[in-house]
Every structure is written in C-alpha cells, then in structure tokens.
Enquirer: 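Can you read through this structure? Questions will come right after.
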Amino acid sequence: MAAQTIFRTLLDRPNIISSKYQAKQLHAQILKLEPSSPIHLSRLISIYSNFNLLHESLLLFNALHSPPVLAYKSIIRCYVANGLLVQSVALFLQMRASGTKPDHHVFPSLLKSCALLSDLKLGESIHGCIIRLGMDFDLYTCNALMNMYGKFQKAFAAMDSFSNKFRIESAHDQKVTLNQTRYIFPKTNANSTILDQCYRKRNCSDMVEVDRRGSLMDSVKKVFEKMLKRDVVSWNTVIAGNAENGKYEEALMLVREMGNDNLKPDSFTLSSVLPIFAEYVDLHKGKEIHGYAMRHGFDNDVFIGSSLVGMYAKCARVEDALQVFNILPQHDSISWNSIIAGCVQNGLFDEGLRFFHQMLKAKVKPVPVSFSSIMPACANLIALHLGKQLHGFIIRVGYDDNMFVSSSLVDMYAKCGYIKVARWIFDRMDVHDMVSWTAIIMGYALHGQACHVVSLFEQMEMEGVRPNYVSFVAVLTACSHAGMMNEAWRYFNSMTQNYGIVPGLEHYACMADLLGRAGKLDEAFELISSMHRPAEGIWLSLLSACRVHKNVDLAEKVAENIFEVDPENTGAYILLSNTYAAAQRWKDVARLQYLMRNKGIKKSPAFSWIEVKNKTPAFVSGDKSHL
DNA sequence: ATAGGGTTAG
C-alpha cells in the first residue's frame, strides 16, 4: 500500500524523478501494481521522453490501445528531439485520425518539425488546425509559429540561389506518403533519414510557389501582431527571423521596441544582432554590444563569443577577435570555426591552420563549416599537399556532398593548378549555387581557358542561377585575357541591363585592360573617364598599355590624371618615362628622371619567391647570387 | 513546450 502511494506521488510530480535509473524503477513499480493503466503508462512515457529515451517510450506507447493526448505529445516531442521528423508528423496525423483532440502542448514541437522539414504546406495546414482549435493565442504555439515561418523564408531564400535542376527533378517526385508506422528508419547520415530526404526534395517545389506569394516574413509579422502577450522568446524569435532574412533595420527597430514591453535584450537577442553589425562592418556599434554583453555577464556565453569573434574579424580586428576567443571558458565547434574563418578571411592563413590543428587536438570534431573555412587557406597558400590531405579527411567523414565544402575544394584545386580535378568535383555536386558556379568559372579564367568560361557561364544562366558581381569579374577576366572583345562588351552590358549590377573597379579594369592591349587606347580612356571615381590602378594599367603601343600623347594625359590625386606616384613616373623611352624621346626621359630625383622618388626593387625542396628563397630583381 | 553564434567564389 505504501509503495502504491509512493509511485502515485512520483507520477503526479514527475519532476522529482531525476535520473533514467529512477524512471526505470518507477516503470517496474507500475508493472507490478497497475500494468494496464493508460494514464499511468502515459505519465511514464512522458517521463521517459523527457530523458529522451525514445526506445523505452515507444515500447510503452505501442502497447497502449487508445493512447491519451499526453502519450501522443510525449512521443511526438521525442521524435523531433531525435530528428525523426517525418515520424513526428505521421504520429500527429494518426492522433487526429483516432479522434484524439490535440492540446496546446502538442504544437510547439510539431511546428518545429515542420520548420526542420522545410515543409511549408504542412506547416500552414497545421497553422489552420491551430486556428480551428482556437489555440492561436497560446504563447508557446505562437512563438513556434513565428520561428517556423522565419525558417521557411530563410530556406526559400537559400533555394533561390540554387540551380533549378533540383527543382525540376523534384516536380516528378511529389508522391511522398506519410505512412503511419512507428519504426525508426535507418539513418543515412548524422541527422536525416531516408524519408527526411524524400521530404527535402518535395519542398523545393513547395518553395517555388512561395515565390509568387511574397515574403513569409509577413506571416511572422501577422502572428506577432495578433499576440495578446509576448515574452522575451517572442521578441527574440521575431528579431532573429528578421536578422536571418536580411531585414536588418526591422530587426534593430524591434530590439529598441522590446523595451516598451518591459523586456530587456538578453544573450539570445545579442547573438542575433551582432551578425548585423558584422555585415554592416560597424565596429562602433559592435563594440557597444560587446560592452553591453560584458556589463550583463553575457561575455562568457559561447554564442555571444562566436558572434563577437565574427564581428571583429569582419571589421578586420583580428587582435580583438583573438582576445574574445581566448577568454571564452569553453569552445565548441562553432566558436572554433569563428576564429579559423576569422584568421583566414584576414589573410592569416598559418594562424588559421594552427587553430584548425588545435581544434583537432582538443578533440572537437570538425563540421562541414570547419573545412569550408580552412580550405581557402590552402588555396591561397597554394598548398596542394595540405589541401589534398584535408580532402581525404573530408571524404572519410562524409562531408564531400556539402555544397560549401565542395565549392571550396573546386577553388583550392583550381588555384593549385589542378583545373581538371576542380571540374571533376564540380560535375559531381548535386546542386550548384551561384558561388560554386563562380568558383569553377574563376578557375577556368585563372587557367586562361576562356571557351570553358563562356560555356559554363551560359549554362549557369540557363539553369536559372543569377550571376552576381563576382561572377562577372570572373567572366570578364577570362575575356580580357583571351582578347575576346565582343564577348566582353556583351557581358559588360548584360551585367547592367539584365542583372542591374553596377559595374565596379574590377569590371572596368578588365575592360580597360582588354581595350588597352588591343590598342584601342582612346576607347579605354573614354571608358575610364566615365567611371565615378577611377582608381589609380586602372589609370596605371592604361598607362602601361600606352607604353606598349608607344602612345606618348595619351600617356601624358593619363599620367596627369594620376598626378592630380597622387603627385608622387612612382609607378606613373616610371611608366611614363618608359613610354618616352619606347618612343625614343630621350630628352623627356631625362627630364622625368631629374624630376624624380628632385622629389626623392625611388623605385623599390621587385622580388619574387618560389618553393624549392621545402625552402622558399626570395629573388630580388637583378640579384644573381643564386646562379 | 518555443528562441541565438560559425562557411564557399574576387
């Protein structure tokens, strides 16, 4: 009798069960005393699922004839926690079919499942169900709804930059039935099951539909505005949703507004806001947030730490990034990635590699981001041996199907001179986004294979991937090097007319270079003069073309333009002097050299270096000591 | 029960 009271108390106050062991003891008691009470079994399921014991929960659940809401809800949540998303949805449908009315505890985890599945239609129909049941004012449910719509919008934006090859394929693959079995499906990789993958394909076509209807951030806003009571999670959710979808000003405005609700920004708020200032390269505002975080004791938070590292790195303050990183009490794979990427993005390749090794030594498992962050270090150091070693590592851990990782490999192999390997990897990727297209195009451009560049660029456009600023740099570089004047003009015009991209310095430089080498010096001069604020470098390259074509008159005009902003530009003096020399105008050469001596302008010697047998000797021009 | 940080091309 006493035992019975004890286990009843335990069941009524499930929180006092503090270990899996105690839960199993309770289970034994129930089996002894009331083995078939659905209420007690459901409570036990709830306890088991709180410990994330899916197997134990399912064993009990499967034995129930008509499971109560509590049992359904517990299993659904446990499914989601274990990444068994389709199963969680299937069980919800089964629950509806059985006539069991869901309570408001079911929806938050179910909506999370929809968000992770990126299944818009499903999410919206569950939203409908929530409204019909009158649960659209529940705080937790609304928070989960806003999170879901924000995630949909993000997934949709990502899909937009993919090739539509994937979308076309998925149009034939829409029949995914939700079977109601409660099996745990074999996992194909860390987080997804076979069914999950079917789902992911189906969503792509769902997403196309969103295109016609506009932003899902409107849905987030709608839910937010209708809420009667909002807690800090509500605010953080809507702020993060806006921040993640590029609505930076909206997000920052909401941060200011949350004070009116008597809610103060917490560590979640800050970690959503910091990436905005990183994107804006606003060191001042970023530091303000850093100060706020320190005053509120958030600076130990690994989330805040990672975003601070990222912010400082974006603002080219590697020293500050390192300091933030070093005082963090704990490092997870994301904070390691922040510092690795921070170093690499600022050209500190060796430091980046050192941190990568330290991460491995600290037994932190690298994730795909780790590899896509470190690979540019190999690419820029032209360290093929290292890149290959990492590639092997990538294959062994099964990250070679990741788009970011593959793109970085394409770039690395191309930069190391292995364009065929780069192409081989590119061809084996199942989706290409604009960056991966640009990487392979740039690879061929670097290798001077303009015909490949042009055909790949066309292929990219045909697959519905919008080229951006960098893509045009790549294609124009190739045209310029190959002397393809007509194609270059076509792309230059297409960039502005078809894509609305304002040509920048690099594009003008390609065109000017091309015109200059073709001897169309006046045309080049005209083009450069039409620029908003021509940089010195671009004038210098035209000046160099003037030297090649011995056009002294234009050279003088160009040099004048340079001296206007930089009267002591060494390169300009030397190029102009060389132009005079090429035209055999020796008096002018002497005059210039006299001027240079008077102004104290000296040519600094050029040098280059090369790796030979693990040593890297430098060669200063005119140096014959190595011979 | 619900919310946050890091990635690839110049």
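Chain naming here is simple, since letters A, B, ... match the order of the sequence lines and numbering starts at 1 in each. Note: hydrogens, waters and symmetry copies are ignored here, and every other heavy atom, side chains too, is used. Note that the coordinates shown come from a computational prediction; the quantities given were computed from them, not determined experimentally.
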Enquirer: In sequence, state the C-alpha distance, the side-chain angles, and the governing distance for A/Phe393 and A/Val397, and then conclude on side-chain contact (heavy atoms from CB on, under 4.5 Å).
Expert: CA-CA 6 Å; A/Phe393 198 165; A/Val397 289; 3.9 Å; yes
Enquirer: Rounded to the nearest angstrom, tell me the gap between atom CE in A/Met412 and atom P in B/dG10.
Expert: 13 Å
Enquirer: Checking all strands, does A/Ser267 fall into the base, sugar-phosphate, or nothing category for heavy-atom contacts under 4.0 angstrom?
Expert: base
Enquirer: In Å, rounded to the nearest 0.5 Å, how long is the span from CG of A/Asp401 to CG of A/Asp430?
Expert: 7.0 Å
Enquirer: Would you mind classifying the nucleic acid contact of A/Ser338 as base, sugar-phosphate or nothing, using non-hydrogen atoms under 4.0 angstrom?
Expert: sugar-phosphate
Enquirer: Given B/dG6, B/dA9, B/dG10, identify the nucleotide with an atom nearest to the side chain of A/Val435.
Expert: B/dA9
Enquirer: Tell me what A/Asn402 touches on the nucleic acid: a base, only sugar-phosphate, or nothing, going by heavy atoms under 4.0 Å.
Expert: nothing
Enquirer: Which residues in residues 224-242 of chain A have a heavy atom closer than 4.0 Å to any atom of DNA chain B?
Expert: A/Val233, A/Asn236, A/Thr237, A/Ala240
Enquirer: Under 4.0 Å between any heavy atoms, over every strand shown, what does A/Ser109 touch: base, sugar-phosphate, or nothing? Just pick one.
Expert: nothing
Enquirer: Roughly how many Å is it from CH2 in A/Trp437 to P in B/dA9, rounded to a whole number?
Expert: 18 Å
Enquirer: Are any of A/Asn147's side-chain N or O atoms less than 4.0 Å away from OP1 or OP2 of B/dT2?
Expert: no
Enquirer: Let me know the distance between CZ of A/Phe426 and C1' of B/dT8, rounded to the nearest Å.
Expert: 13 Å
Enquirer: Can you check whether any acceptor in the base of B/dT7 is under 3.5 Å from a donor in the side chain of A/Ser372, or vice versa?
Expert: yes
Enquirer: Can you check whether any acceptor in the base of B/dA1 is under 3.5 Å from a donor in the side chain of A/Asn143, or vice versa?
Expert: no
Enquirer: If you take atom types as modelled and just measure distance, does the side chain of A/Asp266 reach the base of B/dG4 with a donor-acceptor pair under 3.5 Å?
Expert: no
Enquirer: Do A/Arg77 and A/Asn50 have side-chain N/O donor and acceptor atoms under 3.5 Å apart?
Expert: yes
Enquirer: For the side chain of A/Phe268, starting at C-beta, report the closest nucleotide among B/dA3, B/dA9, B/dG5.
Expert: B/dA3
Enquirer: Walk me through it: do A/Ser408 and A/Asp411 pass the test side chain to side chain donor-acceptor pair (under 3.5 Å)?
Expert: CA-CA 5 Å; A/Ser408 68; A/Asp411 178 58; over 6 Å; no
Enquirer: Just checking A/Met146: base, sugar-phosphate only, or nothing, at a heavy-atom cut-off of under 4.0 Å?
Expert: nothing
Enquirer: Among B/dG10, B/dG4, B/dT8, find the nucleotide with the atom closest to the side chain of A/Met442.
Expert: B/dG10
Enquirer: Name the closest nucleotide to the A/Pro376 side chain, picking from B/dG6, B/dA1, B/dT8.
Expert: B/dT8
Enquirer: Would you kindly give the CZ-to-P distance between A/Phe349 and B/dT8, to the nearest whole Å?
Expert: 12 Å
Enquirer: Would you say the side-chain atoms of A/Tyr312 and A/His290 include a donor-acceptor pair closer than 3.5 Å?
Expert: yes
Enquirer: A/His507 NE2 to B/dA9 P: how many Å, rounded?
Expert: 17 Å
Enquirer: Is there a side-chain contact between A/Lys151 and the phosphate of B/dG4, meaning an N or O under 4.0 Å from OP1 or OP2?
Expert: yes
Enquirer: What nucleotide, of B/dG5, B/dA9, B/dA1, holds the atom closest to the side chain of A/His104?
Expert: B/dA1
Enquirer: Just checking A/Met253: does its CE atom have more than 12 heavy atoms from other residues, nucleotides or ligands closer to it than 6.0 angstrom?
Expert: yes
Enquirer: Considering only side-chain heavy atoms of A/Ser271, which listed nucleotide, B/dA1, B/dA9, B/dG4, is closest?
Expert: B/dG4
Enquirer: If only side-chain N and O atoms of A/Gln345 are considered, is one of them under 4.0 Å from the OP1 or OP2 phosphate oxygen of B/dT7?
Expert: yes
Enquirer: A/Tyr499 and A/Glu461: side-chain donor and acceptor closer than 3.5 Å?
Expert: yes
Enquirer: Within a 6.0 Å radius of atom CD on A/Glu288, are there more than 12 heavy atoms belonging to other residues, nucleotides or ligands?
Expert: yes
Enquirer: Only one of A/Asp261, A/Thr269, A/Asp266 clears side chain to side chain donor-acceptor pair (under 3.5 Å) with A/Trp235; which?
Expert: A/Asp261
Enquirer: Which nucleotide in the list B/dG5, B/dT2, B/dT8 gets nearest to the side chain of A/Ala144?
Expert: B/dT2
Enquirer: Given the structure, check if the side chain of A/Asp301 and the base of B/dG4 hold any donor-acceptor pair shorter than 3.5 Å.
Expert: yes
Enquirer: Answer with base, sugar-phosphate or nothing: what part of the nucleic acid does A/Phe107 contact at a heavy-atom distance below 4.0 Å?
Expert: nothing
Enquirer: Between A/Ser113 and A/Ser88, is there a side-chain donor-acceptor contact under 3.5 Å, judged purely by atom types and distance?
Expert: yes
Enquirer: Less than 3.5 Å apart, any donor N or O on the side chain of A/Tyr444 or A/Arg423 sitting next to an acceptor on the other?
Expert: yes
Enquirer: Under 4.0 Å between a Lys/Arg side-chain N and an Asp/Glu carboxylate O for A/Lys73 and A/Asp103?
Expert: no
Enquirer: For residues 353-370 of chain A, which residues have at least one heavy atom under 4.0 Å from DNA chain B?
Expert: A/Val367, A/Val369
Enquirer: Is the phosphate of B/dG5 approached by A/Lys314 (side-chain N or O, under 4.0 Å from OP1 or OP2)?
Expert: no
Enquirer: Do A/Ser307 and A/Ser271 pair up side chain to side chain, a donor and an acceptor below 3.5 Å, judged on atom types alone?
Expert: no
Enquirer: Does anything in residues 288-298 of chain A come within less than 4.0 Å of DNA chain B? Heavy atoms only, and list the residues if so.
Expert: none
Enquirer: Would you check, one step at a time, whether the test ring pair (Phe, Tyr, Trp, His ring centres under 6.0 Å) holds for A/Phe404 with A/Phe371?
Expert: CA-CA 9 Å; A/Phe404 285 81; A/Phe371 291 103; over 10 Å; no
Enquirer: Picking from B/dT8, B/dA1, B/dG6, which would you name as closest to the side chain of A/Phe404?
Expert: B/dT8
Enquirer: Go through B/dT8, B/dT2, B/dA9 for me and flag the one nearest to the A/Ser407 side chain.
Expert: B/dT8
Enquirer: When the distance from CD1 of A/Ile425 to C1' of B/dA9 is rounded to whole Å, what number comes out?
Expert: 15 Å
